[in-house]
Amino acid sequence: MYDCQDRFKVLPLAEGVEEVFTRLLNYFGPQHWWPGDTPLEIIVGAILTQGVNWSNVEKAIKNLKQEDLLEVKGLYQVNESKLARLIRPTGYYNMKAKKIKAFINFLCEKYDGQLDKMFTQPLSKLRSQLLDVYGIGPETADSILLYAGGYPVFVIDAYTKRIFSRLGYVSPDIKYHDLQQKITGSFPEDVDKYNEYHALLVALGNNKCKKTNPECGYCPLNKD
DNA sequence: TTCCCGTACT
DNA sequence: AGTACAGGAA
């Protein structure tokens, strides 16, 4: 099994969650997420990054910026096929163009095209509204809420599942909501910490705790 | 479960 | 050439 289990099996989940955060922050340093200049850019990025590397997203974001399309009005007016062409580097570009359009339409209909208005809504109400938008599932909704809206929501992703299952705390196929409850149930509700924690898990998942050939020998969760 | 789909790293 | 990737819909 994985080396990290030896250390973390003696720690209750609550302490383990805290220990992982401390170690990752010491090792990687603050990540300064999300990499996006505006709330709208963060939301578009959250949709574009579904199922692909962030490096793919950067090209698409650059294309959108060049066309002056990272604003509500522009995204509302641009036709879907042109949008799809611009975001081609992210893969799934036809689906994602539809998804971005669906969000913009939702924003315009419900909130007069104003993100400020949208983000005055209480957390649980807005979350369920976002989940009703085509193309927005739990992870994308929570990324939008945390990184664009500043709500205290802990984002779960493939890395989070992989890391906590390898630590021995949960099953690899644990459901999104169940893992979210497990982690937040024993962790202070703090926007800055949630922000940093998710970013650090992505860093570990990318650099050390990879799906195949994980570099456990160099993992900060194993050192003394 | 399968489809959507390009990019980077092995 | 093969695999993995900040997922979600049908």
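Keep in mind the model is a prediction, meaning the values are calculated, not measured.
Side-chain atoms of A/Lys9 and A/Gln5 form no donor-acceptor pair, as typed in the model, at a separation below 3.5 Å. Side-chain polar atoms of A/Asp112 and A/Gln114 form a donor-acceptor pair below 3.5 angstrom. No side-chain donor-acceptor contact under 3.5 Å links A/Lys175 and A/Gln180.
Here A/Tyr92 does not reach the OP1 or OP2 of C/dG7: none of its side-chain N or O atoms lies under 4.0 Å away. Dashed line: the shortest gap from a side-chain N or O of A/Thr212 to OP1 or OP2 of B/dT10 is not under 4.0 Å. The side chain of A/Asn213 places no N or O atom within less than 4.0 Å of a non-bridging phosphate oxygen (OP1 or OP2) of B/dT10. For the pair A/Arg85 and B/dC5, the criterion of a side-chain N or O lying under 4.0 Å from OP1 or OP2 is not met.
Closest approach to the A/Lys211 side chain among B/dC5, C/dA4, C/dG8 is made by C/dA4 (side chain taken as heavy atoms from C-beta onward). Side-chain atoms of A/Lys59 lie closest to B/dT7 of the nucleotides B/dT7, B/dC5, C/dG7. Nearest to the side-chain atoms of A/Val52 among the listed nucleotides B/dG6, B/dA8, C/dG7 stands B/dG6. When each of B/dA8, C/dG7, C/dA10 is scored by its nearest atom to the side-chain atoms of A/Tyr134, the top-ranked nucleotide is C/dA10. Taking the side chain of A/Pro138 as heavy atoms from C-beta on, and the options C/dG7, C/dG8, C/dC5, the nearest nucleotide is C/dG8.
In this structure, A/Gly91 reaches the bases: a heavy-atom distance under 4.0 Å links it to at least one base atom across the strands shown. Backbone-only engagement by A/Asn206 is indicated by non-hydrogen atom pairs under 4.0 Å involving sugar-phosphate atoms exclusively. Among the heavy atoms of the strands, none lies under 4.0 Å from A/Ser143. Residue contacts shown for A/Asn53 include a base, since a base heavy atom lies under 4.0 Å away. Using a 4.0 Å heavy-atom cutoff across all strands shown, A/Ile47 reaches no nucleic acid atom at all.
The separation between A/Tyr93 atom OH and C/dG7 atom C1' is 18 Å, rounded to whole Å. The separation between A/Tyr176 atom OH and C/dG7 atom P is 11 Å, rounded to whole Å. Between the P atom of C/dA9 and the CD atom of A/Gln50 lies a distance of 8 Å, rounded to the nearest Å. Nucleotide B/dT1 holds its C1' atom 15 Å from the CG atom of A/Asp173, rounded to whole Å. Rounding to whole angstrom units, CG of residue A/Asn207 and P of B/dA8 are separated by 17 Å. Protein atom CG of A/Asn94 is 16 Å distant from nucleotide atom P of C/dA9, rounded to whole Å. Atoms CG (A/Asn56) and C1' (C/dT3) sit 14 Å apart, rounded to a whole Å. When the C1' atom of B/dT7 is taken as reference, atom NZ of A/Lys96 falls 11 Å away, rounded to whole Å.
Nucleotides of DNA chain B nearest to A/Lys210 and A/Arg88 differ in position, and the one nearer the 5' end is that of A/Arg88.
A/Tyr169 and A/Phe164 have tilted rings, their planes meeting at an angle from 30° to 60° on a 0 to 90° scale.
For the pair A/Glu80 and A/Arg85, the salt-bridge criterion is not met [side-chain N within less than 4.0 Å of a carboxylate O]. One finds no salt bridge joining A/Lys62 and A/Glu58 here, because no Lys/Arg side-chain nitrogen approaches an Asp/Glu carboxylate oxygen to under 4.0 Å.
Here the separation of B/dC4 from C/dA1, taken at their P atoms, is 23 Å to the nearest Å. Comparing the P positions of C/dA10 and B/dC5 gives a spacing of 13 Å, expressed to the nearest Å.
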